[in-house]
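Reading through the structure tokens given below for one structure.
All values below come from the heavy atoms of this structure, side chains included, with hydrogens, waters and symmetry mates left out. First listed ligand is number 1; within each ligand, the first listed atom is number 1. A quick note: this is a predicted structure, and the numbers were derived from the prediction, not measured.
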Amino acid sequence: MNLILLGPPGAGKGTCARMLADKKNFFHISTGDILREEVKKGTSLGQNVRNYMESGKLVADEVILDIIEQRLENWSGGDKSFVLDGFPRTMAQAEGLESVLQKKHLFINQVILLDVPEGELIRRLSSRRVCGNCGANYNLISQPPKIPDVCDYCGGKLYQREDDREETVRNRLRIYQQEIQPLVDHYTNKGLLVRLDGEGTIDDVFQRLLTLLQLLKKDDYS
Ligand code: AMP
């Protein structure tokens, strides 16, 4: 079952997608993670997108679509499903995705929109910390690391993303509000959109997601 996870920054898309990859063997494609890796490596792509990312602006659709096309290029999948996280963010990206998938005879089975109130998002994002080595996410309030500033999984150093600072967070949420409605309408019209309550701990949200996927799977075969 191929999925798109939609939702505002801080809704838990990345963590849920990573958990789907770890626990359910999904192939996880996060455009944000891919771009952060390029910035970290200092590639020319990384240098081009760095300012956009740090100020919370969207990177050009063509750049993002190239990345997605490359990732899906050699996709043979087999029984494995993929989950798209942080993509698509604009209608041009949604349309571009459809033509990439069509070429490969692939489909999106479900689009899941994580709903979280704005106050909660700002609180979550300003207390989020990320491992600079493996990308694991922490929250200083609800999911702190065992040792301050150190990743539980790999011992890497935790940092605050430049774009998780409050002013940038507000900018990212403004951009999200402008871009999301056409995508919600588009996937609703295609009968693919389901909303999921994204409040509570990440374990609560992930459990809700698994229950939803189970129900959807049964619907597929009923
Ligand atoms: P994320 O980790 O998904 O919040 O992405 C971090 C930043 O990467 C965003 O604020 C954008 O600057 C850039 N980015 C990631 N995915 C996309 C996308 N699909 N379209 C445009 N920009 C993106």
On a heavy-atom basis, which atom in Gly156 and which in Asn133 lie closest, and how many Å separate them?
CA-CB, 4.1 Å

Heavy atom of the protein closest to atom 7 (C) of ligand 1 (residue, atom name, distance):
Met53 CE, 3.9 Å

For Gly86, is at least one N or O under 3.5 Å away from an N or O on ligand 1?
yes

Report the distance from atom CZ of Phe87 to atom CD1 of Ile29, rounding to the nearest 0.5 Å.
9.0 Å

For ligand 1, note which part of Glu179 has a heavy atom under 4.0 Å away: side chain, backbone, both or neither.
neither

Charged N to carboxylate O under 4.0 angstrom, Glu167 versus Arg170?
no

Does ligand 1 have any atom sitting under 4.0 Å from a heavy atom of Lys13?
no

Atoms of ligand 1 under 4.0 Å from any heavy atom of Gly32, numbered from 1 in the order shown, are 2 (O), 5 (O), 15 (C), 16 (N)

Atom 15 (C) of ligand 1: closest protein heavy atom, distance to 0.1 Å, is Arg89 NH1, 3.5 Å

Counting from 1, what ligand 1 atoms have a heavy atom of Arg172 closer than 4.0 Å?
4 (O)

Would you call Glu69-Lys103 a salt bridge at under 4.0 Å N-O?
yes

From Thr168, Asn171, Val59 - option closest to atom 22 (N) of ligand 1 by heavy atom
Val59

Using the rule salt bridge (Lys or Arg N to Asp or Glu O under 4.0 Å), only one of Arg18, Lys13, Arg161 pairs with Asp33; which is it?
Arg18

Salt bridge check: are Arg172 and Asp164 linked by an N-O gap of less than 4.0 Å?
yes

Using the rule that Ile, Leu, Val, Met, Phe, Trp and Tyr join whenever any side-chain heavy atoms are under 4.5 Å apart, tell me whether Val116 and Leu212 fall into a single cluster.
no

Flag Arg36 as yes when one of its N or O atoms lies below 3.5 Å from any N or O atom of ligand 1, and as no otherwise.
yes

Would you check, one step at a time, whether the test side-chain hydrogen bond (donor to acceptor under 3.5 Å, both in side chains) holds for Ser126 with Glu166?
CA-CA 6 Å; Ser126 49; Glu166 189 162 335; 5.4 Å; no

Looking only at distances, can you tell me whether any N or O atom of Pro88, backbone or side chain, sits closer than 3.5 Å to an N or O atom of ligand 1?
no

In the single-linkage hydrophobic clustering (I, L, V, M, F, W, Y; side-chain heavy atoms under 4.5 Å), do Met91 and Leu192 co-cluster?
yes

Close-contact set for ligand 1 against Gln93 heavy atoms, below 4.0 Å
18 (C), 19 (N), 20 (N), 21 (C)

Counting from 1, what ligand 1 atoms have a heavy atom of Lys57 closer than 4.0 Å?
11 (C), 12 (O)

With hydrophobic residues grouped by side-chain heavy-atom distances under 4.5 Å, do Leu58 and Ile180 end up in a single group?
no

Within 4.0 Å of some non-hydrogen atom of Arg161, the atoms of ligand 1 are 1 (P), 2 (O), 4 (O), 6 (C)

Give me the nearest non-hydrogen protein atom to atom 13 (C) of ligand 1 as residue plus atom name, then the distance to 0.1 Å.
Leu35 CD1, 3.7 Å

Among all protein non-hydrogen atoms, which one is nearest to atom 16 (N) of ligand 1, and what is the separation to 0.1 Å?
Thr31 OG1, 2.8 Å

Side chain, backbone, both or neither: Ile64 near ligand 1, heavy atoms under 4.0 Å:
side chain

